[in-house]
Amino acid sequence: MTSIVSLADLNAPAVDSVLQGGVISIGNFDGVHRGHALLLREVRRQADKRGCPAVAVTLFPHPAVLLRPESAPPRLTWLERRAERMHALGIDQLIICETTSELLSLTAESFFELLAIQHMGASGIVEGPNFYFGRDRAGDINTLGELCQRSGIELSVVTGFRKGHELVSSTRIRDALNRGNVHLACDMLGDAHRIRGRVVAGDGRGRTLGFPTANLDQIDVVVPAPGVYAGWAMIDGGLIRQAAAIHVGQSPTFDSGENGKVEVHLLDHNGDLYGHELYVDFVARVRDVARFESGEQLTQQLHQDVDRVRKLLRKSHS
Ligand SMILES: Cc1cc2nc3c(=O)[nH]c(=O)nc-3n(C[C@H](O)[C@H](O)[C@H](O)COP(=O)(O)O)c2cc1C
Ligand SMILES: Nc1ncnc2c1ncn2[C@@H]1O[C@H](COP(=O)(O)OP(=O)(O)O)[C@@H](O)[C@H]1O
């Protein structure tokens, strides 16, 4: 279940009284990565211990969209996917607070008072060590500890999930994708990196090459760096995954396309996809984009790419 609340709603107890007294965690949870999973499983564990609901609270849109619109990076996951992944980890309810400048200008103390006490009547809070909240991110985990102690709420601080020497974070995953390292990104996510887009007409060249490609438009999450990738495609959110060879970026052979362009060749499909929505999971990188002497040479390479994609996808199963 998800519910959307505005700042005005926070002044009163949650309408759904079942939510009162729950264990909550507040965050962006972008990607719902393995660090988030540790945190959310702890919320579930504590909620079970107390016999109360497990609740996650997120601000939407991301505060950066209001504070620094020109430099806010794209998200790793869209909101519904985030909610789905959280529910799979045992969260009963996701509360989405509408981000407004008024909400962002609340001090750490007022934000805590409104959300944790008045609205949620929380019995426990679970956060990671690098939690910041309130205006200018002035409240940290110590501030939260003091506020919880004053109000009789139990605070649990979960140590983050490490990969190598560093903590897994949404920023690290975004960086890995920006370098084309989807293998590392998936490892930190605990799942494939998924994008979605609407299929639009391209240059009509794919069929001539023997490899029709669905060109994606309106992509609203991070697209990995230019390159050729192995992955899976799902049509209109359907359950059937189809193996896919994915091309991101320009087509130097034809001096066309731009850097963020995504084209997907479904390996075992023929049929019209125009207008449909595709979900595309990135699993492994195959090679860099290259300029070929001719269309025939590119076609030869595409045959090899498809073989490699099949092998990589088989490997990712085992
Ligand atoms: C798996 C795959 C790999 C590709 N690799 C390259 C490449 O290295 N260089 C290139 O110029 N085009 C590459 N292409 C892109 C083709 O040039 C492109 O699909 C073709 O121009 C069809 O474009 P259209 O769908 O707009 O008609 C690749 C396409 C696919 C599906
Ligand atoms: N196996 C397939 N993978 C991707 N698209 C396919 C496939 N089979 C048929 N299609 C259809 O063909 C279209 C792509 O053909 P293509 O010649 O590359 O034209 P365009 O340049 O308009 O995308 C796709 O949008 C889709 O409707």
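Both counts, for ligands and for their atoms, begin at 1 and track the order of listing.
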How far is [atom] from its nearest protein heavy atom, and which residue and atom is that?
atom                    : result
atom 11 (C) of ligand 2 : G271 O, 3.4 Å
atom 9 (N) of ligand 1  : A290 O, 2.7 Å
atom 18 (O) of ligand 2 : T213 N, 3.0 Å
atom 13 (C) of ligand 1 : H247 NE2, 3.6 Å
atom 22 (C) of ligand 1 : G206 N, 3.4 Å
atom 3 (N) of ligand 2  : L266 N, 3.0 Å
atom 25 (O) of ligand 2 : Y274 CE2, 3.2 Å
atom 21 (O) of ligand 2 : G204 N, 2.5 Å
atom 24 (P) of ligand 1 : D203 N, 3.7 Å
atom 20 (P) of ligand 2 : G202 N, 3.3 Å
atom 17 (O) of ligand 1 : F254 CE1, 3.2 Å
atom 7 (C) of ligand 2  : P212 CG, 3.6 Å

Under 4.0 Å from a heavy atom of [X]: which atoms of ligand 1 are those, numbered in the order shown and with their elements?
X    : result
G204 : 27 (O)
N215 : 25 (O), 26 (O)
G202 : 26 (O)

Is [X] salt-bridged to [Y], going by a charged N under 4.0 Å from an acidic O?
X    : Y    : result
D236 : R196 : no
R285 : D288 : yes
R241 : D281 : no
E42  : R45  : yes
R85  : E80  : no

Nitrogen or oxygen of [X] less than 3.5 angstrom from that of ligand 1:
X    : result
T213 : yes
R287 : yes
V228 : no
R205 : yes
V289 : no
T253 : yes
L302 : no

Just which atoms of ligand 2 are under 4.0 Å from any heavy atom in [X]?
X    : answer
D272 : 27 (O)
N215 : 23 (O)
A201 : 22 (O)

- Message: The criterion is side chain to side chain contact (heavy atoms under 4.5 Å, CB included); which residues satisfy it with S256, sequence neighbours excluded?
- Response: D203, R205, S251, F254
Say whether, by atom type as modelled, one donor and one acceptor occur between the side chain of [X] and the main chain of [Y] under 3.5 angstrom.
X    : Y    : answer
T253 : F292 : yes
D217 : V200 : no
R75  : G31  : no

- Query: Counting heavy atoms only, which of R207, H269, Q242, E263 is nearest atom 1 (N) of ligand 2?
  - Reply: H269
- Using heavy-atom distances, let me know which of Q301, Q250, R207, E263 sits nearest atom 23 (O) of ligand 1. E263
- Message: Hydrophobic clusters here meaning ILVMFWY residues chained together by side-chain heavy-atom distances under 4.5 Å, can you tell me if I4 and L94 are in one?
- Response: yes
- Query: Hey, any chance W78 and F282 share a hydrophobic cluster, counting ILVMFWY side chains that come within less than 4.5 Å of each other, even indirectly?
  - Reply: yes
- What class does the angle between the rings of F111 and F133 fall in, given that below 30° is parallel, 30 to 60° is tilted and above 60° is perpendicular? tilted
- Message: Can you confirm, on distance only, whether ligand 2 has an N/O atom lying under 3.5 Å from any N/O atom belonging to N270?
- Response: no
- Item | Within reach of ligand 1, part of V306 (heavy-atom separation under 4.0 Å) | neither
- For ligand 1, does V264 get within less than 4.0 Å through its side chain, its backbone, both, or neither, judged by non-hydrogen atoms? neither
- Message: If the contact criterion is a heavy-atom separation under 4.0 Å, does K261 count as touching ligand 1?
- Response: yes
- Could you tell me if any non-hydrogen atom of F211 lies under 4.0 Å from any atom of ligand 1? no
- Should the proximity of L273 to ligand 2, defined as any heavy atom under 4.0 Å, be assigned to the side chain, the backbone, both, or neither? both
For [X], is the [atom1] atom crowded, meaning more than 12 foreign heavy atoms sit under 6.0 Å from it?
X    : atom1 : result
H183 : NE2   : no
Q118 : CD    : yes
N270 : CG    : no

- Task: With rounding to the nearest 0.5 Å, note down the distance linking OG1 in T2 to CZ in R82.
- Result: 12.5 Å
- Those residues at least two apart in sequence (or on a different chain) that pass side-chain hydrogen bond (donor to acceptor under 3.5 Å, both in side chains) with T107 are S110
- Mind checking whether L267 has a heavy atom under 4.0 Å from ligand 2? no
- Polar contact flag, side-chain donor to acceptor under 3.5 angstrom, E146-N142: no
